Amino acid sequence: MSETTPNHIEAQPSSTRHPGIDHVLSTTALKSLGHPLRIRIYDELSSYGPLTASGLGERLGESSGSTSYHLRQLERAGLVREDTSRGTGRERWWERTPGSVAVPDPQDLPPGSAERLAAKLVEDEWLTIRDRNYRDFVSDGPHVFGKEWLEVATSDTVNLRLTVEQLAELVAEIDAVFQKFGERYKRTPTPGSMPVQIHLNAFPLVRGEATEDTRKE
């Protein structure tokens, strides 16, 4: 698919969350992702790099015919493309189309619309996949990775009391670190590197209460 086609990721408007970095999924792309297996295929290519339809089928427990069909639908929406640098001509390799994406806020979409349902499905599936990936590491990591990997992997929880402005400052600084490392290693991975997934959850607790101002006038 041409880099200038309307469905191409980088042709979409930037998100307000990360202007110039994230691109909000188009209606076409969002509807294309509105299927659990397509979300899993897209996430698998994002996390592990180029794969064939057969390879995806083996990893996801699906037939190559099924993954081939869904790959073609994702290709039409500009979400994946053929990796022409790989393969022997007998089987196509697929990769996720480069570019950082964001899902439209479901609350901004018409209630009951296909777009809103698709956005909610994508959000829910991504949360499920992220949770599964971490649980897999906790349960299987000690049997898969050496001590050097287990010692540097981490999951930290920090509880703070912050204002809106303070939380925005914290997230902006973390985002800057993510962007720096993304630019350094996303396109040119170091020999011996492994796929690494980083989760950042920074949010106000729904059942919390605002800190009262007890300062004296």
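Just so it is clear, the structure is predicted and the values come from calculations on it, not from any experiment.
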Quiz item: Is the shortest side-chain N to carboxylate O distance from E125 to R40 below 4.0 Å?
Solution: no
Quiz item: Would a distance-only check, ignoring hydrogens and angles, find a side-chain to backbone donor-acceptor pair under 3.5 Å from T97 to G78?
Solution: yes
Quiz item: Just by modelled atom types, is the E62 backbone N or O under 3.5 Å from a matching donor or acceptor in the R59 side chain?
Solution: no
Quiz item: Does a salt bridge link D136 with R132, judged by any charged N lying under 4.0 Å from a carboxylate O?
Solution: no
Quiz prompt | Distance-only donor-acceptor check, side chains Q166 and R161, under 3.5 Å | solution = no
Quiz item: Heavy atoms, side chains only, cut-off 4.5 Å: are E169 and E173 in contact?
Solution: yes
Quiz item: Are R92 and R86 close enough that some pair of their side-chain heavy atoms sits under 4.5 Å apart?
Solution: no
Exercise. Establish, from distance only, whether the side-chain atoms of R130 and H199 form a donor-acceptor pair under 3.5 Å.
Key: no
Quiz item: When rounded to the nearest 0.5 angstrom, what is the spacing between CD in E75 and CG in L79?
Solution: 10.5 Å
Quiz item: Do L127 and L200 share a hydrophobic cluster, counting only Ile, Leu, Val, Met, Phe, Trp and Tyr and linking them when any side-chain heavy atoms are less than 4.5 Å apart?
Solution: no
Quiz item: Is it the case that one hydrophobic cluster holds both V177 and L170, taking links as side-chain heavy atoms less than 4.5 Å apart, direct or via other members?
Solution: no
Quiz prompt | Transitive ILVMFWY side-chain link I174 to L167, under 4.5 Å | solution = yes
Quiz item: Would you say Y48 and I41 are hydrophobically clustered, going by side-chain heavy atoms of ILVMFWY under 4.5 Å?
Solution: no
